[in-house]
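Presented below is the structure to which this report refers.
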Amino acid sequence: MRERRIALLGVTGSIGRQALEVIDATPELTVCALASGSQPLDKLAAERGVEHVQVGGDLTDVLEASQPDVVLNAVVGFAGVRTTLWALEHGVALALANKESLVAAGELAVSAWKRGGGLLLPVDSEHSGVFQCLEGRARETIEAVVLTASGGPFRNHSRDDLESVSVAEALDHPTWSMGPKITIDSATLANKGLELIEAHFLFDLGYDRLDVVVHPSSIVHALVRFRDGAMLAHLGQPDMRIPISFALTYPERRATPVSTLDFSEALELAFEPADPERFPLLALAREAGERGGTYPCAFNAANEVAVAAFLEERIRFVDIAALVADALDRVDGAPAADLSELVGADEEARRLAAGRVATT
Ligand SMILES: NC(=O)c1ccc[n+]([C@@H]2O[C@H](COP(=O)([O-])OP(=O)(O)OC[C@H]3O[C@@H](n4cnc5c(N)ncnc54)[C@H](OP(=O)(O)O)[C@@H]3O)[C@@H](O)[C@H]2O)c1
């Protein structure tokens, strides 16, 4: 493998820190640019001799300046949209952790990807698993993709129990250690909804061919069903260093420090359906995806506002879904012709959701 210069966006986060570990363990990978939202990066940049650094603002500036071989987009939320579009448009390999950008800007992103012609490698563990199960398969043989969900900390809570769960309980994820926003999304199952939409754009599959199943031990990350009735599954430890390394070293699949599954101990591989009554955000996301246009963008925007309000203890856990449903009812959802129209749709959904937070 030749040297790869990586722009690491969101370096101060959970994915960003794990990406640094992967990069340090792989001699051909070097960091050419670092970015965060607000945390200073001077010390980290000086330690690593990284010349191009940006904190906040439009992160395409640091990409223009550094001209990376690979962009690892590990920013959280809609803030990652511009850099996703930049990498796809310029045909620069994109290792994508920031699922929100593909959800919000799916149509624009796919058009930019087609024009740019570069690699788009998912970092989300489920999509990395699907990507690996699909590699080399004839399209007509693929029937459906099934994403697994851990079910989160409230898998066995009743609807009544959910009325009073605390922020600390929602942040206590049973299998994955992640940043706060995605941890709350995992507890509401909004994360799996975002992932359905992400899979639709990544793999060009209709929503009728995308499914979700709850799998509490998070060992099977994805399943692909073929027309002959066979299924392929992707298994591994729930450790993000595996999909990060896969994306950054593709197609060489370099070694990682992560241990493999240990079959000398019992392994739990249980599956159960997701419950739409207790976790309505999954169905809301699917509906937003099926309606298309800027409905997925509105779903994402309202969800970001609602999750932030829940983390600040301004609304209850169950209010998150109510806020998102309300915003989706009130936006027009018309397709966005360009980024400025998309930003307008994002802002409108945020305004509606923030209004509901204020009156909840
Ligand atoms: N964590 C996981 O295991 C995991 C798994 C799959 C997918 N993902 C996805 O990966 C992304 C990152 O998740 P995470 O868990 O690593 O989040 P995180 O720990 O909250 O980190 C978020 C990163 O984004 C940066 N950021 C926030 N707002 C920004 C802005 N306006 N401009 C530029 N940078 C900004 C933060 O910088 P500051 O520190 O300066 O705020 C931080 O570096 C999310 O889209 C998530 O859904 C994460």
Side-chain angles (χ1 to χ4, degrees), residues 7-22 31 33-45 53-63 71-84 86 94-105 121-131 147-150 152 171 173-199 202 218 221-222 236-247 258 285 300-301 303-304 307-308 311 343 346 350:
L8 180 35
L9 314 178
V11 62
T12 47
S14 162
I15 293 286
R17 290 191 303 272
Q18 294 178 82
L20 282 179
E21 265 186 64
V22 167
V31 180
L34 291 171
S36 67
S38 57
Q39 292 196 58
L41 297 174
D42 301 341
K43 188 164 168 280
L44 189 61
V53 175
Q54 189 170 336
V55 178
D58 179 352
L59 298 186
T60 62
D61 291 344
V62 80
L63 298 180
V71 174
L72 172 49
N73 190 353
V75 167
V76 64
F78 188 83
V81 163
R82 284 176 199 277
T83 47
T84 285
W86 185 95
L94 174 62
L96 185 65
N98 176 255
K99 67 190 86 186
E100 295 93 340
S101 56
L102 206 53
V103 170
L121 294 158
V123 169
D124 232 339
S125 57
E126 295 79 0
H127 303 71
S128 178
V130 172
F131 180 92
L147 304 175
T148 53
S150 72
L171 285 174
H173 196 277
T175 49
W176 293 98
S177 163
M178 309 178 285
K181 195 259 176 183
I182 184 175
T183 305
I184 302 303
D185 285 347
S186 300
T188 61
L189 291 200
N191 183 51
K192 217 45 59 180
L194 293 170
E195 289 180 4
L196 270 183
I197 303 173
E198 182 186 12
L202 273 175
S218 300
H221 303 126
Q237 300 282 11
D239 188 316
M240 288 307 293
R241 289 173 299 177
I242 298 176
I244 293 170
S245 176
F246 181 83
V258 183
N300 176 66
N303 183 56
E304 284 190 34
V307 169
L311 285 168
V343 169
D346 172 78
R350 277 171 203 272

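This chain uses plain numbering: 1 for the first residue, then up along the sequence. Read the numbers this way: they start at 1 and go in the same order the structure lists the ligands and their atoms.
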(message) Check whether R17 reaches the backbone of T12 with its side chain - one donor and one acceptor, N or O, closer than 3.5 Å.
(response) yes
(request) Tell me which one of V75, V55, I15 gets a heavy atom nearest to atom 11 (C) of ligand 1. (result) V75
(message) Applying a heavy-atom cut-off of 4.0 Å, say which part of M178 lies close to ligand 1: side chain, backbone, both or neither.
(response) both
(message) Does the plane of the ring in W176 sit parallel, tilted or perpendicular to the ring in H221? Use 30° and 60° as the thresholds.
(response) tilted
(request) Quick one: look at L9 and ligand 1, take heavy-atom pairs under 4.0 Å, and tell me if it's side chain, backbone, both or neither. (result) neither
(request) State whether the shortest distance between N or O atoms of G16 and N or O atoms of ligand 1 falls below 3.5 angstrom. (result) no
(message) Using 0.5 Å steps for rounding, measure from the CG atom of N73 to the NZ atom of K99.
(response) 12.5 Å
(request) Give me the one residue out of V81, L194, L196 that meets side-chain contact (heavy atoms from CB on, under 4.5 Å) with V103. (result) L194
(request) Decide whether an N or O pair under 3.5 Å exists between T12 and ligand 1. (result) yes
(request) Compute the shortest N/O to N/O distance between S38 and ligand 1 and return yes if it is under 3.5 Å, no if not. (result) yes
(message) Do E100 and V76 have side chains that approach each other closer than 4.5 Å (heavy atoms only, starting at C-beta)?
(response) yes
(message) I need the contact type for K181 against ligand 1. Using non-hydrogen atoms and a strict under-4.0 Å cut-off, is it side chain, backbone, both or neither?
(response) neither
(message) Out of all atoms in ligand 1, which are within 4.0 Å of some heavy atom of M240? Include the element for each.
(response) 3 (O), 5 (C), 6 (C)
(message) So for ligand 1, is G179 a polar contact partner (N or O within less than 3.5 Å, distance only)?
(response) yes
(message) Just to be sure I'm reading this right: ignoring hydrogens, which of G37, P243, G13 gets closest to atom 32 (N) of ligand 1? Compare them by their nearest heavy atoms.
(response) G37
(message) With respect to V76, determine whether any N or O atom, backbone or side chain, lies less than 3.5 Å from an N or O atom of ligand 1.
(response) yes
(message) Checking the N or O distance criterion of under 3.5 Å, is ligand 1 in contact with A35?
(response) no
(request) Please verify whether a non-hydrogen atom of A74 lies at under 4.0 Å from ligand 1. (result) yes
(request) Report, in ascending order of atom number, the atoms of ligand 1 lying under 4.0 Å from any heavy atom of L59. (result) 33 (C)
(message) Within ligand 1, which atoms have a heavy atom of A79 less than 4.0 Å away?
(response) 30 (C), 31 (N)
